[in-house]
Amino acid sequence: MDRPLSHPYDLHCHSTASDGSLSPCELVRRAASNGVRYLALTDHDTMAGIEAASRAAVHAGIRLIPGVEISVSWNKKCFHIIGLDVDPHNHTLLTGLADLQRLRMERAECIANSLEKHNIHGALEAVREMAGDGMITRTHFARFLVARDYATSVAGVFDRYLVRGKPGYVATQWAELEDALDWIQAAGGMAILAHPLRYQLTASWLRRFLTAFQSAGGTGIEIVSGNSTPQQIATCADYARRYGLLGSVGSDFHDPAFTWVDLGRLSPLPAGVTPVWSRLEMH
Ligand code: AMP
Ligand code: MN
Ligand code: MN
Ligand code: MN
């Protein structure tokens, strides 16, 4: 699919602080060389990479927008809410994330136990080693399973493991939607629904969620993601207009080996949608 080589904004990506494979510094350098001028680092439930990324951004001559991708449970379904342009030192937000970080550690043990029951050994040690100081995510388990030849790709793992009804699946009660939005607001940021079409929801559940999100103070939704089709972009733009939400663009970049997604390689926001960056203070 034809996409412009670079979009000046990329407001969703991951570093080694969660399940990305590049360090915050390497990520910023890659973004800058791809032509990105405003990059939001949005690791899963942590802001540990922000400081290093900010320093690297000064050197690279681009603007780093502090962010975080918060795991939320709503009606037993998991959603990802981006806190964009948050204060990385805000106590309320840091305290909220600390709970999720504990939950991730506990969940990792449960996932490893489940895999043990299916005769897959050594997962916990392996993912701890891989994640280092960063968050342990299912991506780490997926990389472990690929390394052990249980699947040929990370995406392939999610067909047979780590998802509902399969080995390594653990149901998790993440943050409440209202709490996550409160933390983001306390930190002076905007709440953006990440990748609205990736939750495998019916249209009516998605509409129900958008109603709740909008009335709880949500600001925007991602309209353009790293591998969005023109049809998906049109659908999300329609949701933005219908629910009075601003539009965001973010690659959700994790790894240079996933060649179908890259930093800044994003289609433009469709006309008639107000971009989230109209609300960003540009210094
Ligand atoms: P977690 O937040 O620990 O449950 O892990 C979720 C992460 O797993 C997502 O952010 C993706 O990076 C990755 N993931 C989930 N589903 C898939 C999939 N079908 N293909 C590739 N990566 C996936
Ligand atoms: Mn991820
Ligand atoms: Mn996500
Ligand atoms: Mn993400």
Side-chain angles (χ1 to χ4, degrees), residues 10-22 27 39-47 49 67-74 76-84 97 99-112 114-115 123-124 127-128 130-131 134-146 150-166 168-175 180 191-201 209 221-222 224-228 236 248-263 266:
D10 190 332
L11 304 179
H12 183 165
C13 65
H14 298 271
S15 75
T16 47
S18 66
D19 58 355
S21 67
L22 301 184
L27 190 73
L39 180 73
L41 175 60
T42 57
D43 276 306
H44 294 287
D45 305 315
T46 180
M47 300 187 288
V68 60
E69 181 171 15
I70 304 180
S71 312
V72 160
S73 294
W74 180 85
K76 300 202 170 132
K77 301 172 204 317
C78 177
F79 293 86
H80 285 174
I81 308 294
I82 303 275
L84 189 66
L97 295 179
D99 268 344
L100 294 175
Q101 290 161 15
R102 257 194 306 278
L103 205 57
R104 279 195 174 277
M105 289 305 301
E106 291 164 14
R107 183 183 72 145
E109 288 173 26
C110 297
I111 293 175
S114 165
L115 293 174
L124 191 60
V127 296
R128 276 194 178 138
M130 262 188 257
M135 293 295 97
I136 300 177
T137 70
R138 283 185 296 161
T139 306
H140 295 96
F141 283 96
R143 289 189 186 126
F144 161 79
L145 290 166
V146 170
Y150 286 98
T152 53
S153 69
V154 165
V157 169
F158 289 89
D159 295 332
R160 287 188 292 130
Y161 300 93
L162 311 177
V163 294
R164 200 185 293 274
K166 310 282 175 172
Y169 175 70
V170 173
T172 310
Q173 177 68 34
W174 300 107
I192 314 292
L193 175 64
H195 41 66
L197 303 181
R198 240 189 273 158
Y199 301 106
Q200 292 172 325
L201 297 178
F209 178 80
I221 63 171
E222 267 177 18
V224 181
S225 196
N227 50 3
S228 301
C236 291
S248 189
V249 305
S251 62
D252 203 4
F253 176 86
H254 283 76
D255 190 330
F258 306 163
T259 52
W260 51 96
V261 168
D262 204 349
L263 291 162
L266 292 157

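Reckoned from all heavy atoms, side chains included, excluding hydrogens, waters and symmetry mates. Ligands are counted one by one from 1 in listed order, and the atoms in each one are counted from 1 as well.
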Identify the two heavy atoms, one from Val157 and one from Ala151, that lie closest to each other, and give their separation to 0.1 Å. CG2-CB, 3.6 Å

Does Ser73 reach the main-chain N or O of Trp174 with its side chain, forming a donor-acceptor pair under 3.5 Å? yes

Mark yes or no for whether Asp10, through its side chain, and Leu263, through its backbone, hold a donor-acceptor pair below 3.5 Å. no

If you look at each N/O of ligand 1, which protein N/O atoms lie under 3.5 Å away, and at what distance?
residue	atom	partner	partner atom	Å
ligand 1	2 (O)	Arg104	NH2	2.9
ligand 1	3 (O)	Arg104	NH1	2.8
ligand 1	3 (O)	Arg107	NH2	2.3
ligand 1	3 (O)	Arg138	N	2.9
ligand 1	4 (O)	Arg107	NH1	3.1
ligand 1	4 (O)	Arg107	NH2	3.3
ligand 1	4 (O)	Arg138	NE	2.7
ligand 1	4 (O)	Arg138	NH2	3.3
ligand 1	8 (O)	Thr139	OG1	3.3
ligand 1	10 (O)	His44	NE2	2.9
ligand 1	12 (O)	Asp19	OD2	3.1
ligand 1	12 (O)	Thr139	OG1	3.2
ligand 1	12 (O)	His254	NE2	3.0

Side-chain donor or acceptor of Ser18 paired with backbone N/O of Asp43 under 3.5 Å: no

Please determine which of His140, Met130, Arg138 meets the side-chain contact (heavy atoms from CB on, under 4.5 Å) test together with Asp19. His140

Between Ser248 and Glu222, is there a donor-acceptor pair closer than 3.5 Å when you use the side chain of the first and the backbone of the second? no

May I ask you to decide if the ring planes of Phe209 and Phe79 are parallel, tilted or perpendicular, using 30° and 60° as cut-offs? parallel

Between Phe144 and Val127 the two heavy atoms that sit nearest each other are CB-CG1, 4.4 Å

Can a side-chain donor-acceptor contact be found between Asp252 and Ser225 if the only test is distance below 3.5 angstrom? no

Closer than 2.8 Å to the Mn ion (ligand 3), which protein N, O or S atoms? Glu69 OE2, His80 ND1, His195 NE2

Taking N, O or S atoms only and a limit of 2.8 Å, check whether His14 reaches the Mn ion (ligand 4). yes

What orientation do His80 and Tyr199 show, parallel under 30°, tilted 30 to 60°, or perpendicular over 60°? perpendicular

